[in-house]
Novice: 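Okay, handing you the structure first.
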Amino acid sequence: MRTLGRERIVWLLGCALGLSVAVTLTGSPAVNPPQLVIESLAGRDSFERYCAPCHGIDGRGNGSVAPALKIAPPDLSRLSQRNGGAFPAELVRSYVTGYARPLPAHGTPEMPIWGPIFRYFESDVRVRERIANLATYIESLQEGSSGRDDPGARLFFTYCASCHGRYARGDGPVAQSLRKPPPDLTKFTARYGGTFPADRIRRIVDGREVAAHGDREMPVWGDAFQVRNDSLRPADVEARIAAIVRYLAAIQERAGDRPPALGR
């Protein structure tokens with residue numbers, strides 16, 4: 001572990017334990033304080049334990065502790081939107097470890113610097129994996145973006161635009177040769193009464209709804225991603241599909257809107 005002053009360690013642990021205990025309060029004192037460092041290294045578990053009290057389960061800054069903070073926690077679900085559609089993974093990892101910010105985060109010392117806290121209890125190997133998994137999970141919480149660097153935008157232009165067109169309106173260069181014209185993907189929200197049907201779109205893309213479009217001309221991308229790259233884990237395939245769904249949600253045209261401004 002890197003050398004840290006005793007006062008700094010005590011301060012860090014106090015902040016972290018205070019946040020952790022605050023989540024469990026129900027109006028009466030907790031009998032057994034919660035374990036500070038959990039065994040699970042899963043990104044979701046770490047986020048719910050260490051980040052959700054302030055940032056909220058969905059990362060939008062609405063956690064149970066947020067009203068007590070001097071400065072509102074930022075909305076973590078819009079990091080990609082604020083960075084041209086690209087999730088700033090390295091910056092997030094650096095921020096969590098404490099290397100990308102001064103000690104008083106947000107202008108106050110309210111957000112613990114988790115890197116030193118984790119290293120106080122865990123090996124460097126576990127800390128690196130925990131923080132990497134945490135950053136990956138935060139990426140999964142991102143709102144869709146039509147920015148050109150959005151992962152879903154890049155996947156759409158690579159795999160979908162040949163049929164559905166650059167602007168997702170069903171006029172791609174291959175569309176003329178298909179038995180059934182590809183649908184306009186920007187109108188899902190309008191056709192579903194103002195709600196984007198994310199679950200159904202996910203089933204169509206990953207192949208669970210094989211009767212989509214009334215024929216089998218659309219590739220089953222859940223299988224195709226895996227075939228094209230054997231190194232992809234099932235979680236990677238799911239992340240690709242989720243990115244495409246988020247991108248489609250971001251480019252929806254609603255009543256009275258202008259056509260969505262796509263990234264390219």
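Small disclaimer: the values here were computed from a predicted structure and weren't measured. The first residue in the sequence is number 1, and the count goes up from there.
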Novice: Looking at residues at least two apart in the chain, or sitting in another chain, which of them share a side chain to side chain contact (heavy atoms under 4.5 Å, CB included) with T136?
Specialist: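 Counting only residues at least two positions away or on another chain, T136 forms no side chain to side chain contact (heavy atoms under 4.5 Å, CB included).
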Novice: Of all residues at least two apart in sequence or in a different chain, which pass the salt bridge (charged side-chain N to carboxylate O under 4.0 Å, His left out) check with E122?
Specialist: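 Listed in chain order: R126, R130.
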Novice: Using the rule given for side chain to side chain contact (heavy atoms under 4.5 Å, CB included), can you reason through Y159 versus R240, listing the C-alpha separation, both sets of side-chain angles and the distance that settles it, and then say yes or no?
Specialist: CA-CA 11 Å; Y159 298 107; R240 285 187 168 201; 3.4 Å; yes
Novice: Could you tell me the separation between the OG atom of S46 and the CD1 atom of I38, rounded to the nearest 0.5 Å?
Specialist: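 Answer rounded to 0.5 Å: 4.5 Å.
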Novice: Donor-acceptor pairs under 3.5 angstrom involving side-chain atoms of residues 190-198: please list them, not counting sequence neighbours.
Specialist:
from : atom 1 : to   : atom 2 : distance (Å)
Y192 : OH     : R200 : NH1    : 3.0

Novice: Rounded to the nearest 0.5 Å, what's the gap from CG on L155 to OH on Y247? Could you check?
Specialist: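 Result: 11.0 Å between the selected atoms.
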Novice: Kindly say whether the aromatic ring centers of Y50 and F118 come within a distance under 6.0 Å.
Specialist: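 Ring-ring flag for Y50/F118: true, centres closer than 6.0 Å.
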Novice: Testing the basics here: between F156 and H164, what is the closest heavy-atom pair and its distance to 0.1 Å?
Specialist: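 It is CZ-CB, 4.0 Å.
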Novice: Please find the pair of heavy atoms, one from A135 and one from V92, that lie closest to each other, and give the distance.
Specialist: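 Between these two residues, the closest heavy atoms are CB-CG1, 4.2 Å.
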Novice: For the side chain of Q142 and the backbone of S80, is there at least one donor-acceptor N/O pair under 3.5 Å apart?
Specialist: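 Checking the backbone N and O of S80 against the side chain of Q142, a donor-acceptor pair under 3.5 Å is found.
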Novice: Yes or no on side chain to side chain contact (heavy atoms under 4.5 Å, CB included) for R60 and N62, after CA distance, side-chain angles and deciding distance?
Specialist: CA-CA 6 Å; R60 297 179 186 277; N62 56 356; 4.3 Å; yes
Novice: Of all the heavy-atom pairs spanning P182 and C163, show the shortest one and how long it is.
Specialist: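 Minimum heavy-atom separation between P182 and C163: CG-O, 3.4 Å.
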Novice: Could you tell me which residues satisfy side chain to side chain contact (heavy atoms under 4.5 Å, CB included) with A242, sequence neighbours excluded, listed by chain and number?
Specialist: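 Only R246 meet the side chain to side chain contact (heavy atoms under 4.5 Å, CB included) criterion with A242.
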Novice: Please identify each residue that fulfils side chain to side chain contact (heavy atoms under 4.5 Å, CB included) with A42, with sequence neighbours left out.
Specialist: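 Once residues adjacent in sequence are excluded, the partners of A42 under the side chain to side chain contact (heavy atoms under 4.5 Å, CB included) criterion are S40, D45.
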Novice: My understanding is that only residues two or more places apart in sequence, or in another chain, count here; which of them pass side chain to side chain contact (heavy atoms under 4.5 Å, CB included) with D171?
Specialist: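 For D171, the residues satisfying side chain to side chain contact (heavy atoms under 4.5 Å, CB included) (neighbours in sequence not counted) are R169.
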Novice: Nearest 0.5 Å, what's the CG-CZ distance between L76 and R78?
Specialist: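 These two atoms lie 12.0 Å from each other.
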Novice: Can you tell me if R202 has over 12 outside heavy atoms packed within less than 6.0 Å of its CZ?
Specialist: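 Yes, CZ of R202 has more than 12 neighbouring heavy atoms, counting only those of other groups under 6.0 Å.
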